Student: 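Please see the structure below; I have some questions.
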There are 2 protein chains.
Amino acid sequence: MNNKESLVNFILSVVEISKDDAQEIANSFHSIEIKEKDFLLKKNQISDDYLYLESGLMRIYLHDLEGEEITIDFFTENNIVFEITSFFNRVRSEAYIQAITKCAGFRISYEELNTLFHHKPAFRDFGRAILVKEFIASQQRNYGMINRTSKERYQNLLITKPQIVKYAPLKYIASYLGVTDSTLSRLRKNF
Amino acid sequence: MNNKESLVNFILSVVEISKDDAQEIANSFHSIEIKEKDFLLKKNQISDDYLYLESGLMRIYLHDLEGEEITIDFFTENNIVFEITSFFNRVRSEAYIQAITKCAGFRISYEELNTLFHHKPAFRDFGRAILVKEFIASQQRNYGMINRTSKERYQNLLITKPQIVKYAPLKYIASYLGVTDSTLSRLRKNF
DNA sequence: AAACTTACTTGACAAAAGGCAAGAAAATAA
DNA sequence: TTATTTTCTTGCCTTTTGTCAAGTAAGTTT
């Protein structure tokens, strides 16, 4: 039996609850592995995964009006992975979530999450803290898109998620940063 | 005594709960008015307002590294207004929330919200639905910043928040859209 | 009303980024 | 290994946006 130590530590880093509570929450999660290039979620599915990513890299992407893949976000280890619209609103997903490298972690379903949310006060605080954390990250990404040059955005990614720059193809990174492949390639030349 | 009908209807539009529950939640909120150009939140304060905006327009802004005001977001009537980082994490705010026009609505404090969150299941669902709703809006804004031209972003604002275009000065809108004042002025010429 | 401040527009030029296409490099398949 | 596909780089030229500065318009204060 897996003791889910990394998940317990993650929970404790996000919210101030007892170690016992954190362990109990972690025990509600189920082990999952995803192979490189496999999908956690595909378009038109209703997402049923709230995933703690213990190791590996993932991305969430969708197709724009011209059919081009747009990478919306990257996920790195020691983070929660979910597609908020489909998971929480129980609607078909527009987006795909794909493993960039081999991934491992622990997941719960929407129903399991909801049961915990209403019956475990500690999970309530945890769940809210995760939403708040990711919401803030989204806002900061917004701010960076508006107030940073593309060079600065790339440098920022290099610092905050170096694994991404190392493992993800240029085109994923370019669409994430909001530039064309050519432009990113040129940016890279100047380190 | 105010029956807070608009707030009750707003709650019912966001989450599937009984009318009685919605009324009870609404009754926990307190009436508030804000004069044009006054502040709901200033930099370095710890936000204690979770506000349902019944009428009026607001904006949230901060100063960038050069000291320039950057309008991060606009709030219109029939929406919840809060600065998530300061309110939920109990830290000093980087941002200001200011009334663009005279505003009226209903607010609760962090402590009141937390009590409801842990003691009223219906409020739990409501609170989560609001976080989810605003998170999704933030993600869509992100997508628009990357995949729409500045002209399209302006047109979108015109359609989704025409009050803003009507009442907010050009410079607020320009920084929100991520363009300079000059560029927005030129965009406007082509309707 | 006059003075002053803030908001907006416009022109000239510079910088950043995009579109397209060719070719090199790397990864994958046969 | 060789062939094939995908990824990445680069050149040339166009479009978009920014910078700066001047000038007009509108709003506020005295």
Side-chain angles (χ1 to χ4, degrees), chain A residues 35-38 57 59 61 63-71 74 96 98-102 142-158 162-191, chain B residues 35-38 57 59 61 63-71 74 96 98-102 142-158 162-191:
Chain A
K35 296 195 193 97
E36 185 179 338
K37 289 179 187 167
D38 272 7
L57 299 175
R59 68 170 181 137
Y61 72 92
H63 295 288
D64 69 9
L65 298 173
E66 286 85 39
E68 294 293 316
E69 277 186 14
I70 307 290
T71 295
F74 293 109
Y96 300 78
Q98 184 184 32
I100 295 174
T101 64
K102 183 169 187 283
N142 247 306
Y143 181 84
M145 283 306 302
I146 289 184
N147 299 294
R148 294 204 173 126
T149 63
S150 51
K151 188 180 178 179
E152 291 169 329
R153 298 201 297 274
Y154 179 68
Q155 286 175 323
N156 183 59
L157 186 67
L158 255 178
Q163 320 98 299
I164 295 299
V165 178
K166 188 169 177 186
Y167 291 106
L170 176 139
K171 64 176 178 177
Y172 295 177
I173 299 169
S175 68
Y176 172 75
L177 294 176
V179 297
T180 60
D181 298 5
S182 313
T183 297
L184 180 54
S185 178
R186 285 186 247 263
L187 286 175
R188 276 185 163 171
K189 278 204 299 189
N190 330 342
F191 294 55
Chain B
K35 297 196 192 97
E36 185 180 337
K37 289 179 188 168
D38 272 6
L57 300 175
R59 67 169 180 139
Y61 72 92
H63 295 289
D64 68 10
L65 298 173
E66 286 84 41
E68 293 293 314
E69 276 187 17
I70 308 290
T71 296
F74 293 110
Y96 300 77
Q98 185 186 31
I100 294 174
T101 65
K102 183 170 185 282
N142 248 308
Y143 181 84
M145 282 305 304
I146 289 184
N147 300 294
R148 293 201 174 126
T149 63
S150 52
K151 189 180 179 179
E152 291 169 329
R153 298 201 297 272
Y154 179 70
Q155 285 175 322
N156 183 60
L157 186 67
L158 256 178
Q163 320 97 297
I164 294 299
V165 178
K166 187 170 177 187
Y167 291 106
L170 177 139
K171 64 176 179 177
Y172 295 178
I173 299 169
S175 68
Y176 173 75
L177 294 177
V179 297
T180 59
D181 298 6
S182 314
T183 298
L184 179 55
S185 179
R186 285 174 180 122
L187 286 175
R188 274 185 163 171
K189 276 203 299 189
N190 331 341
F191 295 55

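Proteins get letters first, then strands, A, B, ... in listed order; numbering begins at 1 in each. Computed from a predicted model, the values in this text were never measured in an experiment.
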Student: Measure CE/A/Met145 against C1'/C/dA17 and give the value in whole Å, please.
Tutor: 12 Å
Student: Write down the distance between OH (B/Tyr167) and P (D/dA26), rounded to a whole number of angstrom.
Tutor: 18 Å
Student: Could you tell me how far apart A/Asn190 (CG) and D/dT9 (C1') are, to the nearest whole angstrom?
Tutor: 13 Å
Student: Is the B/Tyr96 ring parallel, tilted or perpendicular to the B/His63 ring (thresholds 30°, 60°)?
Tutor: perpendicular
Student: If you round to the nearest 0.5 Å, how far is CG of B/Leu177 from CZ of B/Arg148?
Tutor: 11.5 Å
Student: Phosphate oxygens OP1/OP2 of D/dT16: is one of them under 4.0 Å from a side-chain N or O of B/Thr149?
Tutor: no
Student: Atom CG of A/Asp181 and atom CZ of A/Arg186: how far apart are they, to the nearest 0.5 Å?
Tutor: 11.0 Å
Student: A/Ser150 and A/Val179: which non-hydrogen atoms are nearest, and at how many Å?
Tutor: CB-CG1, 3.6 Å
Student: Within residues 174-189 of chain B, which residues have any heavy atom lying less than 4.0 Å from an atom of DNA chain C?
Tutor: B/Ser182, B/Ser185, B/Arg186, B/Lys189
Student: Just wondering, are more than 12 heavy atoms of other shown residues or ligands nearer than 6.0 Å to OH in A/Tyr167?
Tutor: no
Student: Grab the NZ-P distance between A/Lys151 and D/dG18 for me, whole Å please.
Tutor: 19 Å
Student: Please enumerate all protein N or O atoms sitting under 3.5 Å from an N or O of nucleotides 5-7 of chain C, with distances to 0.1 Å.
Tutor:
from: C/dA7; atom 1: OP2; to: B/Lys171; atom 2: NZ; distance (Å): 2.6

Student: About how many Å separate CZ of B/Arg188 and CG of B/Asn190, when rounded to the nearest 0.5 Å?
Tutor: 12.5 Å
Student: Are A/Arg59 and A/Tyr176 in a cation-pi contact, defined as NZ or CZ under 6.0 Å from the six-membered ring centre and within 45° of the axis?
Tutor: no
Student: Could you tell me the separation between the OH atom of A/Tyr154 and the P atom of D/dC8, rounded to a whole number of Å?
Tutor: 11 Å
Student: Could you spell out the base pairing of DNA chain C in dot-bracket, with Watson-Crick or G-U pairs whose two distances are under 3.5 Å, [ ] crossing and | to another strand?
Tutor: ||||||||||||||||||||||||||||||
Student: How many angstroms lie between atom OH of A/Tyr154 and atom CG of A/Leu184, to the nearest 0.5 angstrom?
Tutor: 6.0 Å
Student: Please report the distance, rounded to the nearest Å, between CD in B/Glu152 and C1' in C/dG18.
Tutor: 14 Å
Student: Test your reading of the model: is there a side-chain donor-acceptor pair from B/Ser175 to the backbone of B/Thr71, 3.5 Å cut-off?
Tutor: yes
Student: If I take atom CD1 in residue A/Ile100 and atom P in nucleotide D/dT7, what distance separates them, rounded to the nearest angstrom?
Tutor: 13 Å
Student: Looking at A/Ile173 and A/Ile164, what are the two nearest heavy atoms and their distance?
Tutor: CD1-O, 3.9 Å
Student: Distance check, rounded to the nearest 0.5 Å: B/Lys37 atom NZ versus B/Lys102 atom NZ?
Tutor: 15.5 Å
